[in-house]
Protein chains: 2
Amino acid sequence: MNKSTLYKGCLEPIIMRLLKDNGRMYGYQITQMVKEITKGELQITEGALYPLLHKLEEQGILETELENVGNRIRKYYTLTKAGKKQTSMAMEELKTFMQSLQLIVNPKLA
Amino acid sequence: MNKSTLYKGCLEPIIMRLLKDNGRMYGYQITQMVKEITKGELQITEGALYPLLHKLEEQGILETELENVGNRIRKYYTLTKAGKKQTSMAMEELKTFMQSLQLIVNPKLA
DNA sequence: AAAATATACCTAATTTGATTATGTATCGGA
DNA sequence: TCCGATACATAATCAAATTAGGTATATTTT
């Protein structure tokens, strides 16, 4: 089993959490921040990230604005109002999930 | 996003952990114990469980013995020596993963 | 006694969420 | 000048689950 298998399914709430904390981020920045925060443990691949961002935008959870930086274009993502609501729920679920995992891994402490 | 999406990828270490703690378990018992420990939060589907148990047996991580209970057969799984070693590593990875998640969800506390 | 639910195993088809590979293009430093 | 970093994107593939189906015994409820 590949170690990266573990966070399959956690990518969406992770992105939402980062956007909630930082307000406005672009894709590449998200990959770098996750790498930094987790000291290289979680590396988001671009093939997973970009399609997911597009999906969330399509669902009205994220909205975008383009910004020119030099000759390049950056695509900034922000949580919509609906997206913020969704994020709160996602965080609750993530919290419950982590507690459940904790209960299994450490039944004595719980 | 479905809430059960979250623990996609965590099933294998969960099973290994339970077998490490309980020594000897059969499939149905694993589903029930997970449900009980997590107060219904994590429900392992049989379609995921049985093929995974078979795979782990094939890989020499688990070994089985059949036991007759009344007119029915129960298939008990136990960690092999190699399986115990694998489990230790899997637990390390799971721990690291959970810490990484914690770092993202709660950057201030970490 | 019959019906429903729980126990106990299993597999096949499909879905989903990722990886891997590939492509385009700009920017900065050795 | 070339390489690595920045910055976006998509297509093919893989892996791990869900959904749905099947078999059969045991127990509880009506």
Side-chain angles (χ1 to χ4, degrees), chain A residues 1-16 24-36 40-59 61-62 64-77 90 93-94 97 101, chain B residues 1-16 24-36 40 42-59 61-62 64-77 90 93-94 97 100-101:
Chain A
M1 158 138 128
N2 188 309
K3 98 194 255 191
S4 71
T5 308
L6 285 171
Y7 56 97
K8 216 179 240 266
C10 295
L11 196 49
E12 191 174 310
I14 285 173
I15 289 171
M16 290 166 89
R24 205 175 82 110
M25 298 183 80
Y26 56 98
Y28 187 75
Q29 187 186 10
I30 292 174
T31 66
Q32 298 310 300
M33 189 173 282
V34 168
K35 205 200 284 182
E36 206 191 319
E41 275 302 320
L42 262 60
Q43 305 239 20
I44 297 181
T45 59
E46 297 184 317
L49 177 70
Y50 290 115
L52 180 51
L53 287 173
H54 301 160
K55 192 196 79 179
L56 293 174
E57 188 186 1
E58 216 179 290
Q59 292 176 349
I61 291 172
L62 302 181
T64 60
E65 33 177 341
L66 297 172
E67 192 169 300
N68 271 67
V69 182
N71 269 356
R72 279 191 295 195
I73 294 175
R74 257 186 214 160
K75 200 165 173 184
Y76 276 95
Y77 289 88
E93 283 172 19
L94 188 55
F97 161 70
L101 254 192
Chain B
M1 158 137 127
N2 187 308
K3 98 193 258 190
S4 72
T5 307
L6 285 171
Y7 57 96
K8 224 176 234 267
C10 295
L11 194 51
E12 191 174 309
I14 285 173
I15 289 172
M16 289 165 88
R24 205 175 83 113
M25 299 182 79
Y26 56 100
Y28 186 77
Q29 187 187 9
I30 292 174
T31 67
Q32 298 310 299
M33 189 173 281
V34 168
K35 204 200 285 180
E36 205 191 320
L42 262 61
Q43 304 238 20
I44 297 179
T45 58
E46 296 185 321
L49 178 69
Y50 289 114
L52 180 51
L53 287 173
H54 301 161
K55 191 195 79 177
L56 293 175
E57 187 185 1
E58 215 177 292
Q59 291 176 348
I61 291 172
L62 302 181
T64 58
E65 34 178 338
L66 298 172
E67 192 169 300
N68 271 67
V69 180
N71 269 358
R72 279 192 295 195
I73 294 175
R74 256 186 214 161
K75 201 167 172 180
Y76 275 96
Y77 289 88
E93 283 173 20
L94 188 57
F97 163 69
S100 294
L101 254 193

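What you see below is based on every heavy atom in this structure, not just the backbone, and it leaves out hydrogens, waters and symmetry mates. None of these values were measured; they are calculated from a predicted model.
- Side-chain atoms of B/Arg74 lie closest to C/dA8 of the nucleotides D/dA16, C/dA8, C/dT20.
- Taking CG of A/Leu62 as the start and CE of A/Met25 as the end, the distance is 12.0 Å to the nearest 0.5 Å.
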Before you tell me yes or no, could you show the steps for A/Leu101 and B/Leu101 under side-chain contact (heavy atoms from CB on, under 4.5 Å), namely the whole-Å CA-CA distance, both residues' side-chain angles and the distance that decides it to 0.1 Å? CA-CA 12 Å; A/Leu101 254 192; B/Leu101 254 193; 6.0 Å; no
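- Applying the salt bridge (Lys or Arg N to Asp or Glu O under 4.0 Å) criterion to B/Glu65, with sequence neighbours excluded, gives B/Arg24.
- Rounded to a whole Å, the NZ atom of A/Lys75 is 9 Å from the C1' atom of D/dA9.
- For B/Tyr50, no side-chain nitrogen or oxygen approaches OP1 or OP2 of C/dT11 to under 4.0 Å.
- When side chains are defined from C-beta on, A/Phe97 does not count as touching A/Pro13, because their heavy atoms never get closer than 4.5 Å.
- A close approach under 4.0 Å does not occur between any side-chain nitrogen or oxygen of B/Tyr26 and OP1 or OP2 of C/dC9.
- Nucleotide D/dT23 holds its C1' atom 13 Å from the CD1 atom of B/Ile73, rounded to whole Å.
- Contact check, A/Lys8 against C/dT19: no side-chain N or O comes under 4.0 Å of OP1 or OP2.
- Following rounding to the nearest Å, B/Leu52 (CG) and C/dT11 (P) show an atom-to-atom distance of 13 Å.
- Computed from coordinates, the A/Glu12 CD to C/dG17 C1' distance equals 10 Å when rounded to whole Å.
- Residue A/His54 places at least one side-chain N or O under 4.0 Å from the OP1 or OP2 atom of D/dT10.
- Atom pair A/Tyr7:OH and D/dA15:C1' shows a separation of 15 Å (rounding to whole Å applied).
- Distances shown here put a side-chain N or O of B/Tyr28 below 4.0 Å from the OP1 or OP2 atom of C/dT7.
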Side chains of residues 28-35 of chain B: which donor-acceptor partners sit under 3.5 Å, not counting sequence neighbours?
| residue | atom | partner | partner atom | Å |
| --- | --- | --- | --- | --- |
| B/Gln29 | OE1 | B/Tyr26 | N | 3.1 |
| B/Thr31 | OG1 | B/Tyr28 | O | 2.5 |

List the steps and the verdict of side-chain contact (heavy atoms from CB on, under 4.5 Å) for A/Tyr7 and B/Ser100. CA-CA 10 Å; A/Tyr7 56 97; B/Ser100 294; over 6 Å; no
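- Contact annotation: A/Lys55 does not reach the phosphate of C/dT16 (side-chain N/O to OP1 or OP2, under 4.0 Å).
- Counting to the nearest Å, the P atom of D/dA17 and the CG atom of B/Leu6 are 13 Å from each other.
- Between the P atom of D/dT10 and the CD atom of A/Glu58 lies a distance of 11 Å, rounded to the nearest Å.
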Base versus backbone protein contacts along nucleotides 23-30 of chain C [heavy-atom cut-off under 4.0 Å; B, S, -]: ---BS---
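- Comparing A/Gln29 and B/Ala48, the nucleotide of DNA chain D nearest to each residue sits closer to the 5' end for A/Gln29.
- The side chain to side chain contact (heavy atoms under 4.5 Å, CB included) search around A/Thr64 returns A/Glu57, A/Lys75, A/Tyr77, not counting sequence neighbours.
- Looking at heavy-atom distances under 4.0 Å, B/Gly27 makes contact with sugar-phosphate atoms alone, never a base.
- Remark: C1' of D/dC8 and CD of A/Gln32 are 14 Å apart, rounded to the nearest angstrom.
- Sequence order on DNA chain C of the closest nucleotides to B/Pro51 and A/Leu49 puts B/Pro51 first from the 5' end.
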Show your working on side-chain contact (heavy atoms from CB on, under 4.5 Å) between B/Met16 and B/Glu12 and close with a plain yes or no. CA-CA 6 Å; B/Met16 289 165 88; B/Glu12 191 174 309; 4.0 Å; yes
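- Nearer to the 5' terminus of DNA chain C, by closest-nucleotide assignment, is the contact made by B/Tyr76 (compared with the other of B/Tyr76 and A/Gly47).
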